[in-house]
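Heads up: the structure comes next, in structure tokens.
Numbered from 1 within each chain, the chains take letters A, B, ... in sequence-line order.
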2 protein chains.
Amino acid sequence: MADDERLREWAEQVAMYLARDGVPPIAGRILGRLMVCDPPEQSAAQLSAAIGASRASLTMNLRLLTGMGFLTWRTRPGDRTMYYRMADDAWQAVVRKQIAGIAAFLDVTRQGLDLLGPESDRAARVRQAHDTYAWMAKVFDDAPPIGQEER
Amino acid sequence: MADDERLREWAEQVAMYLARDGVPPIAGRILGRLMVCDPPEQSAAQLSAAIGASRASLTMNLRLLTGMGFLTWRTRPGDRTMYYRMADDAWQAVVRKQIAGIAAFLDVTRQGLDLLGPESDRAARVRQAHDTYAWMAKVFDDAPPIGQEER
DNA sequence: CACTGAGTTCAGTTCATACTGAAACTCACG
DNA sequence: CGTGAGTTTCAGTATGAACTGAACTCAGTG
């Protein structure tokens, strides 16, 4: 019966993970909540009650998550309430962002290599970083598309 | 001749990137600096001057970076000064940490799947996240070791 | 045995960010 | 129109992280 409590804790874990990527705590809790709530579509008021944050905070963070592509919403005829749900590709978006981070850093290392000559000992240190990230980028390039994996 | 200025800016870019992983700004600047400085080994005092941070901050952040495995240091006979340098596998360590993050999140999603039954609509939402991260984990598992890539 | 130059520690300050309460706003419905 | 259920905005507060200054310790030197 402490089932609700467990779900709350689980959503918190999700939030803590997302916090590493700079997602504010409440936004993380919202996404976590929307992964396990029933029904899958919830109003700001419901979410506010579920995670214990102010409605104002919900407005802000729902807007943020929606803008990031993690959430979608719809309204129902004759009902002003907005119902939010997790976007189908929410987590692929998270991953896409992380992969984009690799490319961003490759830009930095490339600039570094340009700044220093190609021959110096210093360039070797920069190249070390560059090669490591180039490896990662290549790994993803060569990877099969995101089909279904085993559990 | 604004060469030093350029290097400083470059180190700053490195720092900003690392900040995304929760590395404090000054620690990031130190690592960035140690990638492009000459000679490769520098004392806390030299680094302090180069990046414009207090010695106290240097002590803290050098300790942090060393503990994380990004830096090594040595002393010279008859000289109390510690000379720091970038560890050879500094950037592989960064990458390793990121990959570990994937596994950590897989633990969370697995817990979620256990909490909800296997059949519910809710579980499908969690599985979506799980599958995405499982895909990433697999990509790295199947990847060739980190040999040398083309520039 | 004082002096210098190095590293360490810690309390305090600064700064950014997230969150909240309260007021303003909007729209469907009577 | 007016009312109420909903959302949005905004100013203020709280919290926490990071950095610094200043006091301290310690090893080697003249």
Worksheet item: Looking at DNA chain D, which of residues 14-29 of chain B put a heavy atom within less than 4.0 Å of it?
Response: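 Going residue by residue through residues 14-29 of chain B, the ones with a heavy atom under 4.0 Å of DNA chain D turn out to be B:P24, B:P25, B:I26.
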Item to complete: Under the side-chain hydrogen bond (donor to acceptor under 3.5 Å, both in side chains) rule, collect the residues that match up with A:T132, sequence neighbours excluded.
Response: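 Result, side-chain hydrogen bond (donor to acceptor under 3.5 Å, both in side chains) vs A:T132: none returned.
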Would you mind reading off the distance between [X] atom [atom1] and [N] atom [atom2], rounded to a whole angstrom?
X: B:M82; N: C:dG5; atom1: CE; atom2: C1'; result: 15 Å
X: A:R55; N: C:dA24; atom1: CZ; atom2: P; result: 18 Å
X: B:I51; N: D:dA18; atom1: CD1; atom2: C1'; result: 13 Å
X: B:L47; N: C:dG7; atom1: CG; atom2: P; result: 10 Å
X: A:Q46; N: D:dG6; atom1: CD; atom2: C1'; result: 13 Å
X: A:L62; N: D:dG6; atom1: CG; atom2: C1'; result: 13 Å
X: B:R76; N: C:dG7; atom1: CZ; atom2: C1'; result: 17 Å
X: B:Y83; N: C:dG5; atom1: OH; atom2: C1'; result: 12 Å

When all nucleic acid strands are considered with a 4.0 Å heavy-atom cut-off, which category describes [X]: base, sugar-phosphate, or nothing?
X: A:S57; result: base
X: B:D79; result: nothing
X: A:T59; result: base
X: A:M60; result: base
X: A:R63; result: sugar-phosphate

Discussion item. Reading DNA chain C from 5' onward, which residue's closest nucleotide shows up sooner: A:L58 or B:A56?
Written reply: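 Checking each residue's closest nucleotide, the 5'-ward one belongs to B:A56.
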Worksheet item: Between B:N61 and D:dA18, does any side-chain N or O lie under 4.0 Å from OP1 or OP2?
Response: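 Checking B:N61 against D:dA18: no side-chain N or O falls below 4.0 Å of OP1 or OP2.
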Discussion item. Below the 4.0 Å mark, does D:dC26 have OP1 or OP2 next to a side-chain nitrogen or oxygen of B:R80?
Written reply: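 So the side-chain polar atoms of B:R80 never come under 4.0 Å of the phosphate oxygens OP1 or OP2 of D:dC26.
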Item to complete: Apply side chain to side chain contact (heavy atoms under 4.5 Å, CB included) to the pair B:Q128 and A:M86, showing each step before the final yes or no.
Response: CA-CA 11 Å; B:Q128 187 194 110; A:M86 193 182 77; 3.5 Å; yes
Discussion item. Can you confirm whether the side chains of B:D79 and B:Y83 place a donor and an acceptor under 3.5 Å from each other?
Written reply: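 There is such a pair (donor and acceptor under 3.5 Å, judged by atom type) between the side chains of B:D79 and B:Y83.
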Worksheet item: Quick one: does B:R125's side chain have a donor or acceptor within less than 3.5 Å of a partner on A:L34's backbone?
Response: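 Side chain of B:R125 to backbone of A:L34, a donor-acceptor pair under 3.5 Å: yes, one is there.
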Practice prompt. Please check if the distance between the ring centroids of B:F140 and B:W135 is under 6.0 Å.
Written response: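 Between B:F140 and B:W135, the centre distance exceeds or equals 6.0 Å.
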Practice prompt. Answer yes when B:E41 and B:R76 have at least one side-chain N-carboxylate O distance shorter than 4.0 Å, and no when they do not.
Written response: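 A salt bridge is present here (some side-chain N lies under 4.0 Å from a carboxylate O).
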Practice prompt. Assess whether side chain to side chain contact (heavy atoms under 4.5 Å, CB included) is satisfied between A:L71 and A:R85, documenting all intermediate values.
Written response: CA-CA 6 Å; A:L71 262 42; A:R85 62 174 301 149; over 6 Å; no
